[in-house]
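In what follows, a single structure is set out as structure tokens and then discussed.
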Amino acid sequence: MQMKLLMDRIRRDGRVEGENILKVDSFLNHQIDVELLDEIGREFRRQFRDRTVSKILTIESSGIAIACIAARYFSCPVVFAKKTKSLNLSGDVYTASVESFTHKTVNDIIVSKKFLQADDHILIIDDFLANGKAILGLSDLVRQSGAELVGAGVVIEKGFQDGGKRIREMGIDLHSLAIVDAMDQETGIRFREEAPGEEML
Ligand code: G4P
């Protein structure tokens, strides 16, 4: 379910750059509006309210602040995957390869085996979902650890890219707080219509 407070803020302060980049750096991923983040954290807890979450997993860098505030509501620690250019072969880490369509880079991501364990219940949190590569990489780390993947919470899903579809098709319980279906420098941002019967916050 989408979050009206967040959508209003994106409408007001989001900027469309080029064909498909949404700049939200005045409140989400450069300058941070901590009160908005607090509402976002509360909303993630509400959307996953019936679920046991023992750890939140995110990826550096922009996911960390969001995950930390959400973790206050879940009363659990945050683990963030680190991006690295050189694969750590020591055997004490889980690794996955994440290709960034937006940045045209490939990173190996790593998490120490100490921090993901088979009895964990993991919620993945990130700022953007575009092609889904970051969430797929993170879910692969969870799979390697044997932990349960509870689901994924995303602040902004770009619904015109196929990550959300792929992740839902994999059976991952994905909750996006704002889903942008189209955006244009002239005509602005169009959010996904909620299905009938779904109330909006
Ligand atoms: P994917 O993970 O869903 O496949 O997405 P993609 O590779 O396209 O995105 C990679 C990076 O680009 C991510 O940041 C993501 O947050 C960011 N990103 C994607 N689309 C947008 C957008 O429209 N606006 C903004 N502002 N960012 C976008 P990252 O590589 O993890 O870097 P960091 O910023 O978290 O350090």
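Whatever order the structure lists ligands and atoms in, that order sets their numbers, starting from 1.
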Query raised in the report: So do the side chains of Asp181 and Ile179 get within less than 4.5 Å of each other, counting heavy atoms only?
Result: yes

Report task. Report yes if some heavy atom in the side chain of Leu22 is under 4.5 Å from a heavy atom in the side chain of Glu17; otherwise report no. Result -> no

Report task. State plainly whether the residues Lys4 and Asp8 are in salt-bridge range, i.e. N to O under 4.0 Å. Result -> yes

Hey, could you give me the [atom1]/[atom2] distance between [X] and [Y], rounded to the nearest 0.5 Å?
X      : Y      : atom1 : atom2 : answer
Leu174 : Arg168 : CG    : CZ    : 4.0 Å
Ser97  : Asn107 : OG    : CG    : 8.0 Å
Leu149 : Leu57  : CG    : CG    : 9.0 Å
Ile10  : Met3   : CD1   : CE    : 9.5 Å

Between [X] and ligand 1, does any nitrogen or oxygen pair lie at a separation below 3.5 Å?
X      : answer
Ala134 : yes
Gln161 : no
Lys23  : no
Met183 : no
Ile135 : no

Taking only heavy atoms of [X] into account, list the atoms of ligand 1 that are under 4.0 Å away from them.
X      : result
Ile21  : 23 (O), 24 (N)
Asn131 : 1 (P), 3 (O), 4 (O), 5 (O), 8 (O)
Asp127 : 16 (O)
Glu99  : 7 (O)

Query raised in the report: Among the clusters formed by ILVMFWY side chains lying less than 4.5 Å apart, do Leu129 and Met170 turn up in the same one?
Result: yes

Report task. Would you kindly confirm whether Ile40 and Ile64 end up in one hydrophobic cluster when ILVMFWY residues are joined by side chain heavy atoms under 4.5 Å apart? Result -> no

Can you pull out the closest protein heavy atom to [atom]? Residue, atom name and distance to 0.1 Å, please.
atom                    : answer
atom 10 (C) of ligand 1 : Ser100 OG, 3.2 Å
atom 15 (C) of ligand 1 : Phe128 CB, 3.9 Å
atom 19 (C) of ligand 1 : Thr102 OG1, 3.3 Å
atom 26 (N) of ligand 1 : Leu22 O, 3.1 Å
atom 13 (C) of ligand 1 : His103 NE2, 4.5 Å
atom 21 (C) of ligand 1 : Lys158 NZ, 3.5 Å
atom 34 (O) of ligand 1 : Ser62 OG, 3.0 Å
atom 5 (O) of ligand 1  : Ala130 CB, 3.4 Å

Query raised in the report: Using heavy atoms and a threshold below 4.0 Å, how should the contact between Lys83 and ligand 1 be classified: side chain, backbone, both, or neither?
Result: side chain

Query - ligand 1-proximal atoms of Asn29, by part, heavy-atom distance under 4.0 Å - result: side chain

Non-hydrogen atom of [X] closer than 4.0 Å to ligand 1:
X      : answer
Asn20  : yes
Gly132 : yes
Ile59  : no

**Report entry** Distance-only donor-acceptor check, side chains Asp108 and Thr95, under 3.5 Å
**Finding:** no

Requested in this report: Using distance alone, with no hydrogens and no angle criterion, decide if Asp38 and Tyr73 have a side-chain donor and acceptor under 3.5 Å apart.
Outcome: yes

Report task. Would you verify whether the NZ or CZ of Lys133 falls within 45 degrees of the ring axis of Phe101 while also being under 6.0 Å from that six-membered ring's centre? Result -> no

Query raised in the report: Can you name the one residue among Glu43, Gln47, Arg46 that meets side chain to side chain donor-acceptor pair (under 3.5 Å) with His175?
Result: Gln47

